[in-house]
Amino acid sequence: MKKKYVYGIVLGLLLILLWLSIILGRQILTLNDILLLINGKASNALQLTVFELRLPRTILAVLGGAGLGAAGYLLQGVTRNDLADASLLGINSGAGFFVLIYLGFFAQGSGFLLPLLALAGGLIAVFAVYGIAYQKGPFLTLDKLLLAGIAVNAGFGALTLLGTIKVAPDRYRFVTNWLAGSLWGANWSYVFILLSWLILLLGVTFRQLPYLDLLQLNDEQAFSIGVKVRSVRLRFLFLGAAIAASCVAFCGNLAFVGLLAPHIAKTLVKGRAQQRFPLTLLIGSVIVLAADTLGRLLLTGGELPAGVMIAICGAPYFLILLVQKPKV
C-alpha cells in the first residue's frame with residue numbers, strides 16, 4: 001500500500017475516534033446537542049461535559065499517544081531492537097516513581113512541576129541504565145543496555161509499589177488511577193503544558209532523524225563514515241526519555257504504546273525515519289484514544305483505565321514478537 005494511502009487511512013481513523021471520544025460516554029450526545037453547542041445555546045451542564053471534561057481528555061490522549069509512540073521509535077532505533085520501549089528501559093518506571101512521590105505525599109497535582117519531576121526520574125533511569133551498560137571504547141553493547149533497562153525497571157517498580165502502600169488514604173484512589181494509565185482528571189492546564197513540551201522535544205527530534213537512520217548500520221560502519229556513535233546514541237536516549245517522561249507525568253504509565261506504534265508503522269511503511277516517524281505519532285494517538293474511549297464504555301458503573309486496555313492487547317502482541325524474535 002502506498003504511503004499516502006496509509007497516512008490517509010490512519011488520519012481518518014484518528015478523526016473518527018476524536019468524534020466518538022467527544023460524543024460517547026455516560027451521556028451520549030445527540031445531533032441536537034451538537035447543534036446547541038455550535039450555536040452557543042447548550043446548557044451549562046452540557047458545555048461543562050464537553051469543553052471541560054471530554055475535550056481536554058481527548059486531546060491529552062492524542063498528545064500522550066503521539067509522544068509515547070515517538071519515544072518508542074527513538075528507543076527502538078537506538079537499541080536496534082523492535083522490542084525496546086520506554087517501559088522496558090525503565091524510563092516510565094523512573095518517571096512514574098518521582099511523580100508518585102509528588103502526587104502522593106506533597107501535592108495534588110500542580111501541573112508545572114509534573115514534567116520536570118518526571119523528566120528527572122526518567123533521566124535518572126536512563127543514566128542508571130547507561131552506567132550499568134557502559135564499556136570503554138566508542139561503542140555500546142546493546143544487549144547489555146536492554147538487560148540493564150530490565151533491572152532498573154524492576155527496581156523502580158518495587159519503589160513505586162512501596163510508595164503506593166505508604167500513600168495517604170485520601171490520595172490512594174487518585175494515585176492508583178494515575179498509575180493504571182487513567183486519563184480521568186485531564187484538564188486544559190495539562191494539555192497546554194504537555195503540548196509545549198512535545199513541540200519543543202519533537203522539534204529537536206525531527207532535526208536529528210537522519211542520524212537515527214545511520215545508527216541502523218553496524219557500529220563500526222557508522223563510526224567509519226564519521227558518526228560519533230556513542231554521543232548520537234546518548235542524544236537519542238535523552239530525547240526518548242524526555243518525551244516519554246513528560247507523557248507519563250500527565251497520562252500515567254501507558255505501557256506498550258511505545259512498542260506497538262513504531263512496530264505497526266514500520267510494518268505499514270518502508271523507508272527512512274522521516275517517512276515512518278510521523279506515522280508512528282498518529283498510530284500512537286489512535287491506540288491511546290481508542291483504548292480510553294472503549295474503556296469508558298465497557299463498564300456501566302465506572303471505566304477501565306486506558307493503560308489497562310492497552311496492556312490487554314499489548315501483552316499478547318509483545319509475546320508474539322518475542323517468539324518471532326528470539327534473539328533479544
Side-chain angles (χ1 to χ4, degrees), residues 1-69 111 174 177-178 180-196 198-199 247 250-252 254 257 260-261 264-265 268 278-314:
M1 189 181 296
K2 292 184 178 180
K3 182 180 67 173
K4 62 179 181 180
Y5 295 136
V6 173
Y7 271 89
I9 291 171
V10 175
L11 185 59
L13 181 58
L14 179 59
L15 292 175
I16 292 172
L17 286 169
L18 283 168
W19 175 255
L20 293 176
S21 178
I22 293 173
I23 67 171
L24 297 180
R26 292 187 181 181
Q27 176 188 358
I28 299 178
L29 303 187
T30 64
L31 180 59
N32 184 56
D33 292 330
I34 301 298
L35 292 176
L36 288 174
L37 286 167
I38 293 174
N39 295 327
K41 299 179 180 179
S43 65
N44 291 334
L46 183 58
Q47 292 184 44
L48 177 67
T49 298
V50 174
F51 295 121
E52 298 300 326
L53 298 177
R54 292 188 185 175
L55 194 55
R57 179 171 181 162
T58 298
I59 297 175
L60 192 67
V62 171
L63 294 176
L68 289 170
F174 176 78
N177 279 337
W178 175 82
S182 174
L183 297 176
W184 174 84
N187 57 59
W188 286 112
S189 174
Y190 285 8
V191 169
F192 290 130
I193 296 171
L194 180 57
L195 178 61
S196 301
L198 289 182
I199 289 174
C247 294
F250 297 109
C251 303
L254 298 174
V257 179
L260 296 171
I264 295 172
L268 294 176
L279 182 62
T280 302
L281 272 64
L282 292 175
I283 293 174
S285 296
V286 166
I287 291 172
V288 176
L289 189 56
D292 183 57
T293 304
L294 189 59
R296 281 186 278 156
L297 301 175
L298 288 181
L299 298 180
T300 54
E303 62 180 59
L304 283 174
V308 174
M309 296 297 300
I310 297 170
I312 291 173
C313 300

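Closest heavy-atom contact between T280 and A265: OG1-CB, 3.3 Å. When every heavy atom of R26 is checked against every heavy atom of R54, the shortest pair comes out as N-NH2, 4.0 Å. Among all heavy-atom pairs drawn from I310 and A291, the shortest one is CG1-CB, 3.5 Å. Scanning all heavy atoms of the two residues, the minimum distance from L17 to A290 falls at CD1-CB, 4.0 Å. Between L63 and V191 the shortest heavy-atom distance is CD1-O, 3.7 Å. Heavy-atom minimum distance, G64 versus C251: CA-SG, 3.8 Å.
Heavy atoms of other residues, nucleotides or ligands lying less than 6.0 angstrom from CH2 of W188 number more than 12.
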Would L14 and V10 count as a side-chain contact (heavy atoms from CB on, under 4.5 Å) here? Give the steps. CA-CA 6 Å; L14 179 59; V10 175; 5.6 Å; no
Using the side chain to side chain donor-acceptor pair (under 3.5 Å) rule, take S21 and R57 through it: C-alpha gap first, then chi angles, then the decisive distance, then the call.
CA-CA 9 Å; S21 178; R57 179 171 181 162; over 6 Å; no
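Atom CG of residue N187 and atom CZ of residue F250 lie 9.0 Å apart, to the nearest 0.5 angstrom. Taking CG from L11 and CD1 from I16, the interatomic distance works out to 10.0 Å, rounded to the nearest 0.5 Å. Atoms CG and CG, from L60 and L289 in turn, are 11.0 Å apart once rounded to the nearest 0.5 Å. Note that CD1 of I22 is 8.0 Å distant from CD1 of I34, once rounded to the nearest 0.5 Å. To the nearest 0.5 Å, atoms CG (L297) and CG (D292) are separated by 9.5 Å. With rounding to the nearest 0.5 angstrom, the CD1 atom of I287 is 12.5 Å from the CE atom of M309.
Among the candidates I193, L198, I199, the single residue satisfying the side chain to side chain contact (heavy atoms under 4.5 Å, CB included) test with L195 is I199.
Between the side chain of S182 and the backbone N or O of P305 there is no donor-acceptor pair closer than 3.5 Å.
Proximity of L13 to I9: side-chain heavy atoms (C-beta onward) are nowhere separated by under 4.5 Å. A heavy-atom distance below 4.5 Å is found between the side chains of L183 and V288. In this structure the side chain of L29 reaches within 4.5 angstrom of the side chain of L46, judged on heavy atoms.
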